[in-house]
S.K.: 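Once you've had a glance at the structure underneath, I'll fire off some questions.
Read the numbers this way: they start at 1 and go in the same order the structure lists the ligands and their atoms.
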Amino acid sequence: MEVVIKSSAEEMSKLSAELIADVVRHKPRAILGLATGSTPLGTYKELIRLHKEEGLDFSRVSTFNLDEYVGLTHDHPQSYHYFMWENLFKHININPKNVHIPDGTSKDVPGFCRWYEEQIVKAGGLDVQLLGIGSNGHIAFNEPGSSLGSRTRVKTLDEGTRKDNARFFKTMEEVPKYAITMGIGTIMDSRQLILLATGAGKADAIAKTCEGPITALVPATIVQLHPKATIVVDKPASTKLTREYPAEPSVLVLS
Ligand code: F6R
């Protein structure tokens, strides 16, 4: 695991987009694991720029998203389907058939979760998984206490997570209580991980993730065991780290 501190959220986003673009350039049929939330927005903007200005080609790329709220239809403005199409997919040349996002409207959620896991395996496994982190240390919607070996399934969202995400909804009651999420085991099977964090609100979670003991109570700490993980943070998210970290990864081209 490598920790990199960038001077700003914009610099963090440029580096993470470059790491993803590098995977796609080396493997045009790359399988990308994607995240939603505020943190990856800059990465997606930069990937769109790389596509439009530098011809980064997504035509053969496949994607699998981490999670989706249970009960929100694909066209709901707060659904992760809507988020991904608005913020990335409609701006690049991805084949819609290659896009996979958990279906929060499925009538058979356990069956859907098994199918989702099978699709990842059938595609050849994730080449790189992009991750944000909750202020409680969650990755995807694997809340504190989640099994470190878990697979795709339904999770109840912590009240803290619902409060963090309430900013996107009109009332607290509208914030979904459940989500389908890739498991921690699913995420750890990815050949590469990029975990991003911005802002002082993530400083505690980042300090525990990088320097604390590995524990299911802070699910992101499992990333310490991944052979090819890069944690990229901006200055405010780095303030509780006690060790020194570089501003660049040791090897920019990781693939
Ligand atoms: C989203 C996801 C979540 C977020 C996390 C941080 O797909 O899996 O784990 O990455 O809640 O959210 P933001 O980036 O909005 O702070």
S.K.: Quick one: which of L195, I133, T39 has a heavy atom closest to atom 6 (C) of ligand 1?
M.R.: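 Nearest heavy atom to atom 6 (C) of ligand 1 lies in I133.
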S.K.: Run the side-chain hydrogen bond (donor to acceptor under 3.5 Å, both in side chains) test on H81 and D103 for me, step by step, so that the C-alpha distance in whole Å, both residues' side-chain angles and the decisive distance to 0.1 Å come before the verdict.
M.R.: CA-CA 9 Å; H81 275 79; D103 181 4; 5.7 Å; no
S.K.: Where is the nearest protein heavy atom to atom 5 (C) of ligand 1: which residue, which atom, and how far?
M.R.: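 The answer is H138 NE2, 3.4 Å.
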S.K.: Check each atom of ligand 1 against the heavy atoms of G132 and keep those under 4.0 Å away; list them by number with element.
M.R.: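 Here the atoms of ligand 1 in question are 10 (O).
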S.K.: Around atom 1 (C) of ligand 1, find the nearest protein heavy atom and jot down its residue, atom name and distance.
M.R.: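 Looking only at protein heavy atoms, the one closest to atom 1 (C) of ligand 1 is T36 OG1, 3.2 Å.
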S.K.: Can you tell which of D164, L34, D67 gets a heavy atom nearest to atom 7 (O) of ligand 1?
M.R.: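 Checking each option, the heavy atom nearest atom 7 (O) of ligand 1 is found in D67.
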S.K.: I need the atoms of ligand 1 closer than 4.0 Å to a non-hydrogen atom of G37, numbered in the order shown.
M.R.: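 Per the distance check, 14 (O), 15 (O).
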S.K.: Please identify which atoms of ligand 1 are closer than 4.0 Å to at least one heavy atom of K202.
M.R.: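 So the answer, numbered in order with elements, is 6 (C), 13 (P), 16 (O).
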S.K.: Restricting to pairs with a member in residues 54-77, which pass salt bridge (Lys or Arg N to Asp or Glu O under 4.0 Å), not counting sequence neighbours?
M.R.: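 Of all non-adjacent pairs touching residues 54-77, those that pass salt bridge (Lys or Arg N to Asp or Glu O under 4.0 Å) are R49-E54.
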S.K.: L241, L15: one ILVMFWY side-chain cluster at the under-4.5 Å cut-off?
M.R.: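 No, L241 does not connect to L15 through the hydrophobic network.
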S.K.: At their closest point, which heavy atom of N136 faces which heavy atom of P144, and how far apart are they?
M.R.: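 Closest heavy-atom pair between N136 and P144: ND2-CD, 3.4 Å.
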S.K.: What protein heavy atom lies closest to atom 15 (O) of ligand 1? Include the residue and the distance to one decimal.
M.R.: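 For atom 15 (O) of ligand 1, the nearest protein heavy atom comes out as S38 N, 2.9 Å.
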S.K.: Give the atom numbers and elements of ligand 1 that come within less than 4.0 Å of a heavy atom of L66.
M.R.: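 This gives 8 (O) as the contact atoms.
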S.K.: So is R167 touching ligand 1 or not, going by heavy atoms under 4.0 Å?
M.R.: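 Yes, R167 has heavy atoms under 4.0 Å from ligand 1.
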S.K.: Treating Ile, Leu, Val, Met, Phe, Trp and Tyr as nodes and any side-chain heavy-atom pair under 4.5 angstrom as an edge, say whether I94 and L66 lie in one connected cluster.
M.R.: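 Cluster IDs for I94 and L66 differ.
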S.K.: Nearest to atom 9 (O) of ligand 1, what protein heavy atom do you find, and at what distance?
M.R.: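 Here the nearest protein heavy atom works out to A140 O, 2.7 Å.
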S.K.: Run D164 and S135 through side-chain hydrogen bond (donor to acceptor under 3.5 Å, both in side chains) and show every step you take.
M.R.: CA-CA 8 Å; D164 279 352; S135 51; 2.8 Å; yes
S.K.: In sequence, state the C-alpha distance, the side-chain angles, and the governing distance for Y69 and N165, and then conclude on side-chain hydrogen bond (donor to acceptor under 3.5 Å, both in side chains).
M.R.: CA-CA 11 Å; Y69 291 120; N165 291 357; 3.0 Å; yes
S.K.: Applying salt bridge (Lys or Arg N to Asp or Glu O under 4.0 Å) as the test, list every pair that has at least one member in residues 197-218; sequence neighbours left out.
M.R.: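 Only D204-K240 qualify under salt bridge (Lys or Arg N to Asp or Glu O under 4.0 Å).
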